[in-house]
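Everything below concerns the one structure shown next.
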Amino acid sequence: MTDETKAWPKVGSPCKPSLNDKALYMLAAQLDDLEGLRKAQDNRIRILTTADVDSDGEKRGFGLTEDNPTVQNLLALQDGTKKLEHENILQLQRAMRKNPLWDWAKTQKGIGEKTLARLLAAIGDPYVNGSEQTVRSVSQLWAYCGLHTMVNPDGGENMAARRMKGVQANWSTVAKTRAYLIAEALVKSGVRKDENGERYALTEYGQLYIDRRNHTAITHPEWTPGHSQNDAMRILMKRLLRNLWRAARDIHEREDSD
């Protein structure tokens, strides 16, 4: 634990209702399981029914028709899994709407109940380190989601955190993935193109994305479009998490003053 971490005060009584909602965690974990099962079923059905030859000339499918008993059985199981998955999503959305953070989230165009609930399931209370019950800084939240910088092994300036062979990552890849998926939705809902193909913004996040892409086009003309895109998404994720952290902080402060 660093000296900076030790300096953060202990949290008194938990925020009521708690922002670290165990129901969100359980429902999100269950949704992960159901999605994984449904995707596995999709793959099995595709293998059983595919009759075409793959691009490498190999035929890997069995070419069975849908009236085959084995295929029918898998289709029935898949239908049941989809129904369970749908019901799980509805429960997750209902749980998210009961969370105090939803009052903030519903004003943010592009943030949905399901995606935010899954992010909160990964990070817990945005303002509180759940394992130590101490207030965490926004930079600590960024670091937990893998949005910090690390020493460049090739020398020079520090670089954005990334996985390295033989080195165990000290951040949550699940949290980073969840934040990235919300950032994608924020771009889709917050950025448009005019008749000349020029981007314009509808939201705070959309403007941040456009400004960052324009900035790096000047400061790093050698970057590929993919590099520039990844950089802008990283900045967008940090803004999302900062705003989420502030919303959680405000809720805690209101609770403390009551």
Side-chain angles (χ1 to χ4, degrees), residues 28 31 35 39 89 92-93 96-97 99 101-123 126-127 137-150 152 154 156-163 169 171-250:
L31 182 56
E35 282 185 347
K39 291 175 182 178
I89 291 172
L92 187 64
Q93 291 172 328
M96 185 65 246
R97 287 193 289 268
N99 190 289
L101 281 166
W102 184 242
D103 286 339
W104 164 81
K106 64 186 179 184
T107 68
Q108 310 293 302
K109 187 176 181 180
I111 299 180
E113 298 104 316
K114 184 177 75 169
T115 52
L116 180 58
R118 297 178 92 168
L119 174 60
L120 290 175
I123 66 175
Y127 186 64
S137 67
V138 68
S139 61
Q140 289 169 334
L141 179 59
W142 288 341
Y144 183 78
C145 296
L147 297 173
H148 55 300
T149 58
M150 58 190 298
N152 190 334
D154 299 324
E157 297 181 355
N158 287 353
M159 62 181 189
R162 60 181 174 84
R163 287 188 170 277
W171 63 86
S172 169
T173 55
V174 174
K176 187 173 186 178
T177 298
R178 297 304 178 197
Y180 185 89
L181 291 174
I182 295 180
E184 280 190 325
L186 292 172
V187 172
K188 290 178 182 178
S189 62
V191 177
R192 295 289 184 273
K193 287 186 178 181
D194 60 22
E195 61 274 10
N196 298 317
E198 296 294 326
R199 298 188 185 98
Y200 65 94
L202 301 177
T203 65
E204 166 199 356
Y205 300 104
Q207 190 62 58
L208 178 64
Y209 173 84
I210 292 171
D211 289 346
R212 186 65 181 185
R213 292 296 300 268
N214 291 340
H215 173 74
T216 54
I218 297 171
T219 59
H220 292 282
E222 76 281 4
W223 281 5
T224 65
H227 192 162
S228 178
Q229 168 72 6
N230 290 337
D231 170 80
M233 294 300 286
R234 182 174 181 272
I235 296 300
L236 202 64
M237 291 159 69
K238 293 181 72 172
R239 176 67 63 85
L240 162 69
L241 291 168
R242 186 204 69 179
N243 290 348
L244 182 60
W245 180 89
R246 287 179 173 178
R249 177 200 61 190
D250 292 346

Q: Test Arg246 against Trp104 for side-chain contact (heavy atoms from CB on, under 4.5 Å), laying out the working first.
A: CA-CA 10 Å; Arg246 287 179 173 178; Trp104 164 81; over 6 Å; no

Q: Under the side-chain contact (heavy atoms from CB on, under 4.5 Å) rule, what do Leu244 and Ile123 come out as? Steps first, then yes or no, please.
A: CA-CA 11 Å; Leu244 182 60; Ile123 66 175; 4.0 Å; yes

Report all side-chain donor-acceptor pairs from residues 178-187 shorter than 3.5 Å, counting only partners two or more places apart or in another chain.
{"unit_1": "Arg178", "atom_1": "NH2", "unit_2": "Asp32", "atom_2": "OD1", "d": "2.9"}

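Under a 3.5 Å cut-off, the side chain of Trp223 and the backbone N or O of Ser228 do not form any donor-acceptor pair. Under the 3.5 Å distance criterion, the side-chain polar atoms of Asn196 are left unmatched by any main-chain donor or acceptor of Glu198. With Arg97 contributing its side chain and Trp102 its backbone, the two residues share no donor-acceptor pair below 3.5 Å. In this structure a side-chain-to-backbone donor-acceptor pair under 3.5 Å is present from Asn230 to Gly226.
Side-chain contact check for Glu204 versus Asn243: some heavy-atom pair is nearer than 4.5 Å. Annotation: side chain of Trp245 is in contact with side chain of Arg249 (closest heavy-atom distance under 4.5 Å). At a threshold of 4.5 Å between non-hydrogen side-chain atoms, the residues Trp142 and Met237 do not count as touching. Using a 4.5 Å heavy-atom cutoff, the side chains of Leu147 and Arg234 are in contact. The shortest side-chain heavy-atom distance between Val138 and Leu241 does not fall under the 4.5 Å cut-off.
For the atom pair Leu120 CG and Met96 CE, the distance stands at 5.0 Å (nearest 0.5 Å). Between atom CZ of residue Arg199 and atom CD1 of residue Ile210 there is a gap of 7.0 Å, rounded to the nearest 0.5 Å. Summarising the geometry, atom CG belonging to Leu116 is positioned 13.0 Å from atom NZ belonging to Lys114; distances are rounded to the nearest 0.5 Å. Taking CG of Asp211 as the start and CG of Asn214 as the end, the distance is 6.5 Å to the nearest 0.5 Å. For the atom pair CG of Leu31 and CD of Glu35, the computed distance is 4.5 Å after rounding to the nearest 0.5 Å. Residue Met233 holds its CE atom at 10.0 Å from CZ of Arg213, rounded to the nearest 0.5 Å.
Here the closest heavy-atom approach between residue Ser189 and residue Thr203 is recorded as O-CG2, 4.4 Å. For Thr115 against Ile111, the heavy-atom pair with the smallest separation is OG1-C, 4.5 Å. Across Tyr127 and Ala248, no two heavy atoms sit closer than the pair CB-CB, 3.8 Å. Of all non-hydrogen atoms in Arg192 and Lys188, the two that sit nearest each other are NH1-O, 2.7 Å.
Taking the salt bridge (charged side-chain N to carboxylate O under 4.0 Å, His left out) definition, one finds that Asp103 meets it with Lys106, sequence neighbours left out.
With 3.5 Å as the limit, one finds a donor-acceptor pair spanning the side chains of Glu222 and His220.
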